[in-house]
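See below for the structure under consideration.
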Amino acid sequence: MTLTWAAARLAAPVSKRVAGIAASRLWFVPWRLRASDNTLSKWEAWLAGTERWSPSGRLDIAGFRAGEGPTVLLVHGWADRAATLGAFVEPLTHAGFQVIGIDMPAHGDSAGRRTDILEWAEVLRAAERDAGPFHAVIAHSVGAMAIGVAISEGLEAESLALIAPAVRMQSTLDRFRVQARLSPRAVEGLVDDISRRFGATVWEDFATDKLLRDRAASVLIVHDREDEQVPLTDGERLADAIDAELVETSGLGHTKILRDRKVIERVCSFVVAAETPAKKIKVEV
């Protein structure tokens with residue numbers, strides 16, 4: 001991946017297309033970073049009462065299942081794994097729900113090296129066919145965008161709890177450019193490559209605020225003011241577009257928000273209540 005990054009930077013002055021292809025590899029291939037021993041211990045504790053589970057016909061997909069009752073699906077974000085939402089398992093199973101988590105393709109223990117939102121949506125639909133209908137979906141970051149695409153393709157859920165949701169690909173691309181330190185020319189090549197793969201309208205096709213505008217589910221959005229990966233403006237934009245409840249937090253950033261006790265309690269309460277429809281209101285935690 002380091003060589004790919006170097007290729008994207010060095011090729012930019014010579015060939016926008018070559019630089020774009022290299023940047024595309026960075027975009028579609030999630031980095032598999034080794035978790036700390038402390039994080040691994042937390043995941044192990046959170047998933048202690050679960051059993052392995054995969055959608056039928058998808059042995060390449062790793063996942064877990066716990067509890068009995070209406071099903072709640074956990075969807076992680078980019079370069080993460082289902083265990084990052086493991087703190088929700090115990091309170092939800094205790095409340096009488098079955099909880100399912102999936103490592104998306106090329107993430108966690110699932111197979112693959114590269115993936116995209118359409119493949120994620122396909123896996124989510126496969127999970128629905130086996131374990132659905134879903135009472136609720138709890139999705140983090142890019143997982144919210146994948147759920148939006150899956151819902152546009154027919155996935156159903158009574159309620160959606162979206163934590164730090166990614167809303168627009170252009171916004172995600174802007175942050176990716178800064179994080180990867182790509183030149184404007186390499187980014188132009190990446191945009192061209194994405195458009196060739198998915199069509200020129202992909203930037204609107206994957207817009208979470210538009211995908212969820214006509215949804216039947218009630219929606220809760222939780223977003224931190226200091227989130228440096230997906231800014232609060234994304235959550236605000238989505239809440240305004242779909243008239244959803246927005247809970248704002250402070251000091252939790254993009255990942256701590258998934259294990260904060262008050263956030264977990266608020267999300268679980270929402271899942272239990274499954275209120276429809278939620279009114280747009282800002283609540284501070």
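L252 and L232 end up in different hydrophobic clusters when Ile, Leu, Val, Met, Phe, Trp and Tyr side chains are linked at under 4.5 Å. Both V247 and V272 are members of a single hydrophobic cluster when ILVMFWY side chains are connected at heavy-atom separations under 4.5 Å. Connection of F198 to L211 is established within a shared hydrophobic cluster, with ILVMFWY side chains joined at heavy-atom distances below 4.5 Å, either directly or through further cluster members. By the rule that hydrophobic residues join a cluster once side-chain heavy atoms approach within less than 4.5 Å of another member, I117 and V137 end up as members of one cluster.
Checking side-chain atoms of R58 against main-chain N and O of A126 turns up no donor-acceptor pair under 3.5 Å. Under a 3.5 Å cut-off, the side chain of T208 and the backbone N or O of G148 do not form any donor-acceptor pair. Panel note: side chain T50, backbone L47; a donor-acceptor pair is recorded below 3.5 Å. With hydrogens and angles ignored, the 3.5 Å screen pairs a side-chain donor or acceptor of H223 with a backbone N or O of V230. With hydrogens and angles ignored, the 3.5 Å screen pairs a side-chain donor or acceptor of S269 with a backbone N or O of E265. Not a single donor-acceptor pair under 3.5 Å links the side chain of S54 to the backbone N or O of L59. Remark: side-chain polar atoms of H107 are paired, donor with acceptor, to backbone N or O of A79 under 3.5 angstrom. The main-chain N or O of V89 is found under 3.5 Å from a side-chain atom of T93 such that the two form a donor-acceptor pair. Side-chain atoms of D224 come within 3.5 Å of backbone atoms of S250 as a donor-acceptor pair (strictly under, hydrogens ignored). Listed for the T84 side chain is no donor-acceptor partner under 3.5 Å among the backbone atoms of D80.
Side-chain contact between L73 and I138 is absent, with no heavy-atom pair separated by less than 4.5 Å. Within the 4.5 Å cutoff, no side-chain heavy atoms of I221 are placed close to those of E245. Counting only heavy atoms from C-beta outward, the side chains of I61 and D103 never approach each other to under 4.5 Å. The closest side-chain heavy-atom distance from P105 to V123 is below 4.5 Å. Between L162 and V222, the closest side-chain pair of non-hydrogen atoms is not below 4.5 Å. H135 places a side-chain heavy atom less than 4.5 Å from the side chain of F97. Considering only heavy atoms from C-beta on, M145 stays 4.5 Å or farther from V167 through its side chain. For the pair W203/S195, a side-chain contact is recorded, criterion being any heavy-atom separation below 4.5 Å from C-beta on.
Residue-environment remark: CD (E51) exceeds the threshold of 12 foreign heavy atoms within 6.0 Å.
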> Under the side chain to side chain donor-acceptor pair (under 3.5 Å) criterion, do R175 and S171 qualify, and how do the steps go?
Replying inline: CA-CA 7 Å; R175 293 188 296 275; S171 178; 2.5 Å; yes

> Hey, mind stepping through V149 and W120 against side-chain contact (heavy atoms from CB on, under 4.5 Å) and telling me if it holds?
Replying inline: CA-CA 9 Å; V149 173; W120 283 34; over 6 Å; no

> Could you go step by step and tell me if K210 and R168 meet the side-chain contact (heavy atoms from CB on, under 4.5 Å) rule?
Replying inline: CA-CA 10 Å; K210 294 185 177 182; R168 289 294 182 103; 3.4 Å; yes

> Going through the checks in order, is the side-chain contact (heavy atoms from CB on, under 4.5 Å) test met by W46 and L85?
Replying inline: CA-CA 9 Å; W46 289 339; L85 292 119; over 6 Å; no

> After noting the C-alpha distance and the side-chain angles of V75 and I102, does the key distance pass the side-chain contact (heavy atoms from CB on, under 4.5 Å) rule?
Replying inline: CA-CA 7 Å; V75 186; I102 303 171; over 6 Å; no

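Between R125 and E128 there is a salt bridge, with a side-chain nitrogen of the basic residue lying less than 4.0 Å from a carboxylate oxygen of the acidic one. The existence of a salt bridge linking K256 and E226 is excluded, since no basic side-chain nitrogen approaches an acidic carboxylate oxygen closer than 4.0 Å. The residues R197 and D193 are annotated as salt-bridged, a charged nitrogen and a carboxylate oxygen being separated by less than 4.0 angstrom. Ion pairing between R81 and D109 holds under the 4.0 Å rule for side-chain N and carboxylate O.
The CG atom of D243 lies 11.0 Å from the CG atom of L238; values are rounded to the nearest 0.5 Å. In this structure, the separation between CG on D174 and CE on M169 is 11.0 Å, given to the nearest 0.5 Å. Note that OG1 of T115 and CD of E122 are 9.5 Å apart. Values are rounded to the nearest 0.5 Å. Atom CD1 of residue I194 and atom CG of residue D116 lie 10.0 Å apart, to the nearest 0.5 angstrom. Note that the OG1 atom of T233 and the CG atom of D240 stand 11.0 Å from one another [nearest 0.5 Å]. A distance of 11.5 Å separates CG in L40 from NZ in K42, rounded to the nearest 0.5 Å.
The minimum heavy-atom distance linking G49 with A66 is given by the pair O-CB, 4.0 Å. Of all non-hydrogen atoms in F64 and A83, the two that sit nearest each other are CE2-N, 4.3 Å. The nearest pair of heavy atoms linking V267 to A161 is CG1-CB, 3.7 Å. Of all the heavy atoms in F270 and L160, the pair that sits closest is CE2-O, 3.4 Å. When all heavy atoms of I163 and F88 are compared, the pair lying nearest together is CD1-CZ, 3.8 Å. For V72 against V271, the heavy-atom pair with the smallest separation is CG2-CG1, 3.9 Å.
H140 and W78 have their aromatic ring centers separated by at least 6.0 angstrom.
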